[in-house]
Number of protein chains: 2
Amino acid sequence: MKKYLETLRKCPLFQQIEDENLLKMLGCLGAKVETFDKKYTIFAKGTPAKYIGILLSGSAQIVQVDYYGNRSILGSVAPSEVFAEAFACAGMDTLPVSVTANEPCEVMLINRDHILHTCQNHCGFHQQLIFNLMKDLAYKAILFQQKIEITSKRTTKEKLMTYLLLYAKKANSNSFEIPFDRQELADYLEVDRSGLSAEIGKLRKEGVLENHRKRFTLYRSNSIPTGQ
Amino acid sequence: MKKYLETLRKCPLFQQIEDENLLKMLGCLGAKVETFDKKYTIFAKGTPAKYIGILLSGSAQIVQVDYYGNRSILGSVAPSEVFAEAFACAGMDTLPVSVTANEPCEVMLINRDHILHTCQNHCGFHQQLIFNLMKDLAYKAILFQQKIEITSKRTTKEKLMTYLLLYAKKANSNSFEIPFDRQELADYLEVDRSGLSAEIGKLRKEGVLENHRKRFTLYRSNSIPTGQ
DNA sequence: ATAAGTATGTTGAAATTTCAACAAACGGAG
DNA sequence: CTCCGTTTGTTGAAATTTCAACATACTTAT
């Protein structure tokens, strides 16, 4: 586990926990590591929500696919981030979403029962873990709320601009790279890909932004407020 | 506080905590009660997210209103339920949403700092409170995920049916009352009210459902799967 | 019981999205 | 460098949503 220490230290679940205690705790928790190739499914919709995932390397996406094949992306996962924790902690029997590897991934898996029921060793860091998990879940709820704020806009243009302005604020710069390609961005914004491309083209002609693939630069971005 | 005991017992934050300890804890937490008339704002967007709310009586709604006045309803709040906890616990400085009273409300307010920082008395129930809060936040994340699942559908008809089927499952009956009037349902589904009314009319003519205002009865509801 | 106000239903035109099909640009493998 | 598969951009027609306006149904207060 030591090779992952650098990444685990940044994980929201392990804040305020010293390295040696962290390693000890991972033992208590029965943490295991698995690898997934690009495009492979890390967690599949409909399977038991038994595990919390921590991404150690690579990148992944949280995806909803409905009966008709319509794909909706709930969010992207970067190294050190936790995923599927809400479904595991709420005690859902099966996952309502899938998690897929966007590139080759290493993933740490922790059984939810080992987190929710304190271990016999009464390791004192368990309380800190629960507290960190609580903070992390609050943050996840806010990420969902932000996605709702974005997709509640009625037109493709408004959805796009709300997303880009929020991202620019997060990146603290007018120029940034988004974690989605066009199809993925369309699936996140819940709009048609070709319509999205067309809107980006229009905004470029209007001088509101410049872009090349995943890189965007915003101008006159004060014209549409974010509401935050 | 004793008059609210019945309601507080059902609150997810206070599960596994005995009545007398609960009352003691409310003292530690500095809980206070306020009342709000119908249509009044309990928490306003843009104000500090300092307090967690618990609804003691009445009903409320979590509402997003953007720059252009478009209203989006994130969810409804019933007695014993907690609200604004995600924003408070994630340490946001200001609320990105408003909470408004749908009928006259009594609300218990607890300062987030009193929850997040254990009190000097080292009252042993604080750990249970944090644990309960964690479970509650996981549940809230799932409610948001469900709203995303509903609103990610591309047509008004699909959004409506996904919502009604999910509600029927929750109510465990084909006949149920939703907590929204038409305009509110439209604001929750993020569609136009008149278009929503039209779709309901069509589905009624097709024999898929019957309805009178907030009451709906579903037939042949197996025709559109929920994906859960 | 009536009147006034609110909620719901209905309609048609305008705006927007979706869909399908194809063109152009890009990136990696050999 | 070239080929080939993938991504992105473009377009026009069909479907859907939005919008405004009005009709009808229901509720509440007097």
Q) Do any N or O atoms from the side chain of B/E199 and from the backbone of B/L196 form a donor-acceptor pair under 3.5 angstrom? A) no
Q: Give a yes-or-no answer on whether the side chains of B/T35 and B/E106 include a donor-acceptor pair shorter than 3.5 Å.
A: no
Q: Could you check whether A/N70 gets within reach of a base, just the sugar-phosphate, or nothing at all, counting any heavy atom under 4.0 Å?
A: nothing
Q. Would you say B/K147's side chain and B/I73's backbone share a donor-acceptor pair under 3.5 angstrom?
A. yes
**Q.** Integer-rounded Å distance: D/dT7 C1' and A/I200 CD1
**A.** 12 Å
Q) So how far off straight is the helix from C/dA1-D/dT30 to C/dG30-D/dC1, going by the axes through five pairs at either end, to 10°? A) 50°
Q: Would you list the pairs meeting salt bridge (Lys or Arg N to Asp or Glu O under 4.0 Å) in which at least one residue belongs to residues 67-96 of chain A, sequence neighbours left out?
A: A/R71-A/D187, A/E85-A/K140
Q: Rounded to the nearest angstrom, tell me the gap between atom CG in A/D181 and atom P in D/dT6.
A: 13 Å
Q | Test item: side-chain donor near acceptor, A/S59 and A/E103, under 3.5 Å | A | yes
Q. Reading nucleotides 10-17 of chain D from the 5' end, what letters show protein touch, with B for base, S for backbone sugar-phosphate only, - for no heavy atom under 4.0 Å?
A. BB----SS
Q.
Rounded to whole Å, please give me the gap between CD in B/Q183 and P in C/dT6.
A. 14 Å
Q: Rounded to the nearest angstrom, tell me the gap between atom CG in A/L189 and atom P in D/dT8.
A: 13 Å
Atom pairs under 3.5 Å: protein N/O with N/O of nucleotides 25-27 of chain C:
unit_1	atom_1	unit_2	atom_2	d
C/dC26	O4'	A/R213	NH2	3.3

Anything under 3.5 Å between a donor and an acceptor, one on a side chain of residues 200-208 of chain B, the other on a protein residue two or more places apart or in another chain? List them.
unit_1	atom_1	unit_2	atom_2	d
B/R204	NH1	B/N211	OD1	2.5

(Q) Looking only at side-chain N and O atoms, does A/E190 offer a donor or acceptor that is under 3.5 Å from a partner on A/S72? (A) yes
Q: Look only at the side chain of B/T41 and the backbone of B/A44, and say whether a donor-acceptor pair between them is shorter than 3.5 Å.
A: no
Q: Report the distance from atom CZ of B/F216 to atom C1' of C/dT8, rounded to the nearest whole Å.
A: 11 Å
Q: Only pairs at least two apart or in different chains count here, so list each ring-ring contact (aromatic ring centres under 6.0 Å, His included) that has a residue in residues 164-202 of chain B.
A: B/Y163-B/Y167, B/Y163-B/Y188, B/Y167-B/F176, B/F180-B/Y188
Q: Take atom CZ of A/R182 and atom C1' of D/dG9, then tell me their distance rounded to the nearest Å.
A: 9 Å
Q | Chi angles and distances behind the ring pair (Phe, Tyr, Trp, His ring centres under 6.0 Å) call for B/F87, B/F43 | A | CA-CA 12 Å; B/F87 310 108; B/F43 290 149; 9.8 Å; no
Q. Could you give the CG-to-C1' distance, from B/L196 to D/dC19, as a whole number of Å?
A. 15 Å
Q: Find the distance A/R215:CZ to D/dT7:C1' and express it as a whole number of Å.
A: 18 Å
Q. Charged N to carboxylate O below 4.0 Å: is that the case for A/D181 and A/R213?
A. no
